[in-house]
Structures are given as structure tokens and as C-alpha cells.
S.K.: 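Quick one: the structure is below, and I'll ask about it shortly.
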Amino acid sequence: MKLGFRFRMMLAILIVSFACVIAVSVTNYYDAKRMIEQNYVTSLDEKMTLQFEQFDDIMQDMYQSVRYISHQTELIQQIEEYLEGERSYEDGMQISRTLNMLLTMDQLDSALYLYLPKTDQVFSSMEYYAVRELAAGDTLPWQEGSKDPFTPIFCVNRLARSSQYVYAYTNPVCDAEGNQIGMLCITVDERQMYYELLDSMNNIASETYRLLAPNGTVCSAKVTSEIGKKVGGLSEQHKDRMNANTEDGTLLFASVESAFSGYRLMCQSDLSVLTKELHDRQTKQIIYVSLFFLCLLFAAAKLSKRLSQPLEELIHAIDQVRGGDFTVRAQSRQDDEFDTLLDHFNAMVSRMDGLMDQIVYERTQKKQAELNALQYQIRPHFMYNTLNSIRFAALLQHNYKLAELLSAFTSLLEASVQRKGAFITLREEIELVQNYISLQKFRYLDCFEGVYQIAPETEECYVPCLLLQPMVENAVFHGIDTKKSDNRIEIAAWLEQDRLYITVKDNGEGIPKDVQNPELAEAQTDKRRLSGIGLRNVEQRLRLYYGDAAYFRLSSQPHQGTTVLFCLPISHDPKEYQV
């Protein structure tokens with residue numbers, strides 16, 4: 001199915017609009033989601049902070065109670081009397097009753113324990129197991145005390161009727177001389193703490209609360225099997241009081257650190273539940289926009305077909321013209337930009353019809369020109385063959401001088417019609433100059449001598465064909481005095497600073513300023529502006545090939561001769577500067 005231009009334009013506009021709407025919708029969705037999460041974290045912080053303050057209060061009460069009780073004179077005297085006396089069961093029960101009396105906390109299953117290292121006995125404030133002797137090698141998890149006095153010890157209490165997790169604070173009991181005679185420990189039950197703090201918060205299905213020790217171990221949770229383990233999603237090291245991070249884009253882990261105990265209350269939230277309503281609304285919005293886009297697409301197709309009808313008629317007329325029918329004309333049916341287009345098309349077809357005869361005439365002229373070109377091509381070929389025939393005849397007659405002159409003339413003729421290309425090596429250019437000089441020496445009866453000082457490294461450099469011949473020709477015609485026998489034409493070439501320098505020098509009379517010869521008119525010392533045909537041709541070719549990268553200068557002194565200096569870029573590629 002071929003889509004029209006207007007329909008493609010409408011489709012592109014609709015697609016861009018649809019993409020923009022979807023992009024804005026998605027952006028708003030993520031902005032709203034981020035805002036909901038931020039507000040949720042803020043409210044969660046407030047709720048967890050208020051709840052966790054109760055935990056801190058309880059821990060502070062335990063810490064203060066164990067420190068207060070460990071310094072009670074009555075308890076210290078009973079311990080000293082027990083250690084110095086008979087250590088009867090009744091004495092031990094008296095210590096237990098004192099512990100029960102001193103324990104002012106009556107919540108969360110709190111208990112008070114006293115460990116005497118000297119007798120390896122533990123006294124409890126509870127009525128059962130009031131006095132217990134430790135077995136040989138048996139130790140208590142809080143027996144050595146806590147490294148951090150403000151952080152409670154979380155451990156399993158084996159002194160209760162059933163093993164249970166407890167939070168414990170310890171403090172040494174010392175006599176009047178400061179010697180430690182016992183270790184006092186106060187505990188609260190983990191389950192009681194959970195129901196006091198976390199049970200009411202775990203009623204929300206998308207939230208799970210856990211109490212973490214400073215090392216990241218779970219101390220309290222709804223599922224008791226998690227106690228003692230570490231949960232993922234929350235790093236063990238926390239520098240901020242409030243920590244919140246997202247894992248896999250769905251789970252939010254937020255925690256609040258206790259200012260006193262160093263424990264953390266962590267909440268694991270399912271963000272998909274939190275943003276479910278927003279996600280459902282976003283999905284509905286995308287569906288509605290997609291349906292609206294399809295309706296617009298159908299309307300665009302209908303409108304495009306109607307608007308493109310004049311264009312289809314124009315295409316049909318163009319096909320007829322392409323088939324050779326220049327009488328066809330497109331009909332305009334509506335006054336719009338297509339009307340102007342059809343008028344221009346009809347005018348163009350009329351002009352094309354009028355130009356057909358002119359094209360036929362030009363093709364006829366072109367064929368005639370091609371025939372003439374073929375005839376011009378055969379003429380140099382005929383001339384080369386004729387000159388070679390004369391040269392061979394001279395060789396048969398042992399006239400070697402004439403044969404040499406004909407060979408030199410053939411080489412010059414071949415170069416003049418560009419048979420060798422636009423650029424040739426300097427060695428080939430010097431050979432052409434030698435051929436030309438040999439012809440002129442024959443003409444002037446050897447009254448001058450050609451001297452060549454060509455550096456070997458310059459011979460393979462490419463220069464424009466017939467660059468030096470016009471300069472040598474001027475030197476022969478205007479610098480040679482036939483009455484003298486010491487005439488010289490010196491040609492030198494050398495490389496200097498990545499440039500190729502060539503000079504053509506004669507020892508003639510020089511160029512007077514008032515010379516009227518058309519070949520040398522307006523040639524001034526140290527001037528590059530020349531009007532002679534040969535010199536002007538060389539100047540124009542240098543400018544055409546090299547631009548400002550090459551130049552030549554002509555200098556002349558009366559009665560001393562004339563020197564032409566060429567400065568060219570070094571080139572080893574015949575196509576590097578070819579136009």
C-alpha cells in the first residue's frame with residue numbers, strides 16, 4: 001500500500017503528538033509516584049519515630065534500674081553476708097526476695113538476675129528457680145557484661161521456665177572497697193516487647209516491621225523464625241538517623257535508629273500496593289489515548305485521501321507525458337496551492353512540446369560535431385605516420401642528422417597535442433627541451449650551446465607539460481646573437497625547503513624596456529604580469545594548476561642576459577594537481 005505525502009505528514013504529526021502525550025503521561029506518573037513515595041517515607045518516619053521512642057523509654061528505664069539496684073546498700077550487705085556465712089537456701093531466697101522488691105518494672109515480663117562468680121550461682125527475682133547453681137563450664141550470655149553500656153544485650157534467656165529471647169542490661173555489684181562481688185542483669189521479654197511496639201503496626205498488609213540490633217541481626221519480628229538472622233535490602237552500616245532505599249523498584253526498606261540504644265526499627269513496604277491505584281489510572285489513561293489516536297488516524301486517512309485527489313490526477317498526467325503524450329493537460333478543480341501547481345505543470349508541458357524540435361536539431365548538430373571530432377583525431381595520427389615515414393627514409397639514405405631532427409620534431413608535436421598528459425616528469429620535460437634545442441641548433445648552425453644542471457632528485461618530480469619550452473623559445477629567439485659563438489642557454493633544477501626550483505638563463509642582450517615585440521611586451525624586471533602568448537599561457541596554467549602555491553619570475557639585465565625562475569610544489573603524483 002502506497003501512502004500519500006499528506007497522509008504521511010498527518011501520520012508523522014499524530015505519532016509525534018501521541019509520543020509527546022505518552023511521554024508527558026509517563027513523566028507525570030513517575031513524578032506522582034516519587035511524590036507519593038516521599039510523602040509515604042515522611043509519614044513513615046514520623047510514625048516509626050513516635051513508636052520507637054517507647055522502646056527507648058523502656059531501655060532507659062532498664063538501664064537506670066540496673067544501675068540503681070546495683071548500688072543498693074541492703075542488697076550489697078546481703079550478698080556479703082551470704083558469701084561470708086553458711087550460704088543456706090533460706091539466705092539465697094532472701095536475696096531473691098530483695099531482688100523482687102527492688103525490681104520496680106512490672107511490665108514486659110521483666111526480671112532481675114544476680115550472678116555471684118565466687119559461688120557460681122544465679123539468683124532471680126522470679127519465684128521459680130529463685131536460686132540456681134550453674135553447671136561446670138556453663139556460662140551466661142550476659143556474664144561478662146556489655147561492651148556498650150547503653151546498648152542492650154539481645155540473647156536467649158536459659159534461666160526462665162522456657163528459653164526465650166530477652167533484652168538485657170547489666171551492671172557490676174561492688175563492695176565498699178570497690179571490689180566486684182557480683183553481676184546484676186535486668187531483662188525484658190522479646191515477645192512482650194513485640195506486642196507492645198510492633199504488633200499494632202504490622203496490621204497493614206503491605207508493611208512488615210522488624211527490630212534490628214546494631215549489627216543488622218533481627219531481634220524482633222512477627223515471624224519468630226526470622227529472629228537471629230539478617231535481612232537483605234538494608235545495609236549494615238548506617239550513618240543517618242533515617243535510612244530509606246528501594247530494592248528491585250518494588251520494595252522500600254526504611255529504618256529509624258534509636259537515639260539511646262542504637263537499635264533500628266525497620267519497615268519493609270511493598271510499593272506496588274502503595275501505587276497500585278496510580279498505576280491502574282495510568283494504564284487506563286494510556287488505553288484512552290491509544291483509542292483516541294486510532295480514531296484520529298482513521299480520520300486522517302479519510303481526509304488525506306480527499307486532499308490528495310488533485311495530486312493523484314497530476315501524477316497521472318505526468319505519467320502520460322513520460323509516455324510521450326505532450327498534449328495532455330491537468331484539470332484544476334479547487335482554488336488552492338494545487339491550482340497554481342497544475343498551471344505551472346501545463347505551462348511546462350507546453351514549453352516541452354515546443355522544445356522537442358530544438359532538441360532534435362541539437363542532436364543533429366551534436367552528431368555532426370562528433371564526426372568532425374573523429375576526423376580531427378585522425379589528422380595528428382596521419383601526421384605522425386607521415387613524419388615517421390620520412391624519418392625512416394632518411395635513415396635508409398644514411399642521413400642520420402635529418403632523422404634525429406624529425407624524431408625530435410615528432411616528440412615536440414606529440415607533447416603539443418597533449419599525448420603525454422597534463423603532467424610529465426621533469427626528466428621527460430628536459431628531453432623535450434633537448435629535442436627543441438637540437439632543432440634550433442640545426443637552424444642557427446650551432447651558434448649556441450645548451451647547458452643542463454639538473455639535480456638527480458628532481459628528475460622524477462612532475463611538472464606541467466611544455467612548461468620550459470616557451471622560456472627556451474624566448475631565449476633562442478630574443479637572447480641568441482647569431483654573430484657570436486659563445487651563446488649559452490643554461491637550465492638548472494634543484495630542491496630546496498620542500499620546493500622545486502627551475503631556472504632558464506641566457507647570456508644575451510637582455511630585455512629592453514621599450515621592446516615592442518608582442519611576445520615580450522610589458523615584460524619588466526621582477527614582474528610577473530606578462531602579456532606575451534607563450535609566457536601568458538605559462539602563467540595562466542600555473543595559476544590554474546597550483547593557485548598561489550606556485551609562481552615564476554622573470555629578471556633581465558641589459559647586455560647580461562635574462563633569467564626565468566620557477567618555484568613549484570614538489571609532486572610525485574601526476575594526478576595530484578590535475579584539473
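For the numbers below, each heavy atom of this structure counts, side chains included, while hydrogens, waters and symmetry mates do not.
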S.K.: Which atom names give the shortest non-hydrogen contact between Arg264 and Ser255, and what distance separates them?
M.R.: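 Minimum heavy-atom separation between Arg264 and Ser255: NH1-OG, 2.8 Å.
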S.K.: Working to the nearest 0.5 angstrom, can you tell me the gap between Phe552 CZ and Leu468 CG?
M.R.: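 Going from CZ on Phe552 over to CG on Leu468, the span is 11.5 Å.
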S.K.: Go through the steps to decide whether Thr503 and Ile491 satisfy the test side chain to side chain contact (heavy atoms under 4.5 Å, CB included), and finish with yes or no.
M.R.: CA-CA 6 Å; Thr503 60; Ile491 302 175; over 6 Å; no
S.K.: State which residues pass side-chain contact (heavy atoms from CB on, under 4.5 Å) with Ile13; sequence neighbours excluded, sorted by chain then number.
M.R.: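 For Ile13 the side-chain contact (heavy atoms from CB on, under 4.5 Å) partners, ignoring immediate neighbours, are Ser17.
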S.K.: Of all heavy-atom pairs between Glu429 and Val463, which one has the smallest distance, and what is that distance?
M.R.: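 It is CB-CG2, 4.1 Å.
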S.K.: CD/Glu207 to NZ/Lys47 distance, rounded to the nearest 0.5 angstrom?
M.R.: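 Glu207 atom CD to Lys47 atom NZ measures 4.0 Å (nearest 0.5 Å).
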S.K.: Does the side chain of Ile489 reach to within under 4.5 Å of the side chain of Ile480, using non-hydrogen atoms?
M.R.: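 Yes, at least one pair of side-chain atoms sits under 4.5 Å.
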S.K.: If you apply the rule side chain to side chain contact (heavy atoms under 4.5 Å, CB included), what do you find for Leu535 with Leu554, and how did you get there?
M.R.: CA-CA 10 Å; Leu535 298 180; Leu554 185 147; 4.2 Å; yes
S.K.: Checking Ser25 now: which residues fulfil side-chain contact (heavy atoms from CB on, under 4.5 Å) with it, not counting sequence neighbours?
M.R.: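 side-chain contact (heavy atoms from CB on, under 4.5 Å) list for Ser25, sorted by chain: Gln282, Gln285.
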S.K.: Restricting to salt bridge (charged side-chain N to carboxylate O under 4.0 Å, His left out), what partner residues turn up for Asp280, sequence neighbours left out?
M.R.: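 Lys276.
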S.K.: Please walk me through it: do Ile424 and Leu466 pass side chain to side chain contact (heavy atoms under 4.5 Å, CB included)?
M.R.: CA-CA 9 Å; Ile424 60 176; Leu466 294 179; over 6 Å; no
S.K.: What about the rings of Tyr546 and Tyr577, do their centers lie closer together than 6.0 Å?
M.R.: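 Yes; Tyr577 has its ring centre under 6.0 Å from that of Tyr546.
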S.K.: What closest approach, in Å, do Asn487 and Cys447 show between heavy atoms, and which atom pair accounts for it?
M.R.: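 Scanning both residues completely, I find the closest heavy atoms to be ND2-O, 3.1 Å.
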S.K.: For Leu291, which residues count as a side-chain contact (heavy atoms from CB on, under 4.5 Å) partner, sequence neighbours excluded?
M.R.: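 Expected list: Ile287.
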S.K.: For Glu496, which residues count as a side-chain hydrogen bond (donor to acceptor under 3.5 Å, both in side chains) partner, sequence neighbours excluded?
M.R.: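 In terms of side-chain hydrogen bond (donor to acceptor under 3.5 Å, both in side chains), with neighbours along the sequence ignored, Glu496 is linked to Trp494.
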S.K.: Who are the side-chain hydrogen bond (donor to acceptor under 3.5 Å, both in side chains) partners of Asp31, not counting sequence neighbours?
M.R.: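 Partners of Asp31 by the side-chain hydrogen bond (donor to acceptor under 3.5 Å, both in side chains) criterion, ordered by chain and then number, come out as Arg34.
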S.K.: So how far is it from Ile454 CD1 to Ile502 CD1, rounded to the nearest 0.5 Å?
M.R.: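 So the CD1 of Ile454 and the CD1 of Ile502 are separated by 7.5 Å.
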S.K.: Among residues two or more places apart or on two chains, list those pairs meeting salt bridge (Lys or Arg N to Asp or Glu O under 4.0 Å) that have a residue in residues 454-465.
M.R.: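 Listed once each, the pairs are Arg427-Glu460.
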S.K.: Please report the shortest heavy-atom distance between Ala493 and Leu426, naming the atom on each side.
M.R.: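 That closest heavy-atom pairing would be CB-CD2, 3.7 Å.
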S.K.: My understanding is that only residues two or more places apart in sequence, or in another chain, count here; which of them pass salt bridge (charged side-chain N to carboxylate O under 4.0 Å, His left out) with Arg488?
M.R.: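 Per chain and number, Arg488 pairs via salt bridge (charged side-chain N to carboxylate O under 4.0 Å, His left out) with Glu490.
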S.K.: Hey, is OH on Tyr452 packed in by over 12 heavy atoms from elsewhere, all under 6.0 Å?
M.R.: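 Enclosed.
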S.K.: For Leu467 and Met471, which heavy atoms make the closest approach, and how far apart are they?
M.R.: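 Closest approach of Leu467 to Met471, heavy atoms only: O-CG, 4.1 Å.
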S.K.: Between Arg541 and Pro464, what is the shortest heavy-atom contact and its length?
M.R.: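 In terms of heavy atoms, the two residues are closest at NH1-CB, 4.0 Å.
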S.K.: Which atom pairs, one a donor and one an acceptor, fall under 3.5 Å between side chains of residues 559-573 and the rest of the protein, sequence neighbours left out?
M.R.:
residue	atom	partner	partner atom	Å
His559	ND1	Glu509	OE1	2.7
Thr562	OG1	Ser556	OG	3.1
Ser571	OG	Asp573	N	3.4
Ser571	OG	Asp573	O	3.2
Ser571	OG	Glu576	OE1	2.8
Asp573	OD1	Lys575	N	3.1

S.K.: With sequence neighbours excluded, what pairs up with Lys441 under the side-chain contact (heavy atoms from CB on, under 4.5 Å) test?
M.R.: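 Once residues adjacent in sequence are excluded, the partners of Lys441 under the side-chain contact (heavy atoms from CB on, under 4.5 Å) criterion are Ile437, Asp446, Phe448, Glu449.
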S.K.: With sequence neighbours excluded, what pairs up with Glu473 under the side-chain hydrogen bond (donor to acceptor under 3.5 Å, both in side chains) test?
M.R.: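 Glu473 satisfies side-chain hydrogen bond (donor to acceptor under 3.5 Å, both in side chains) with Gln469 once adjacent residues are dropped.
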S.K.: Applying side-chain hydrogen bond (donor to acceptor under 3.5 Å, both in side chains), can you list everything that pairs with Asp481, at least two apart in sequence or on another chain?
M.R.: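 With sequence neighbours excluded, Asp481 shows a side-chain hydrogen bond (donor to acceptor under 3.5 Å, both in side chains) to no residue whatsoever.
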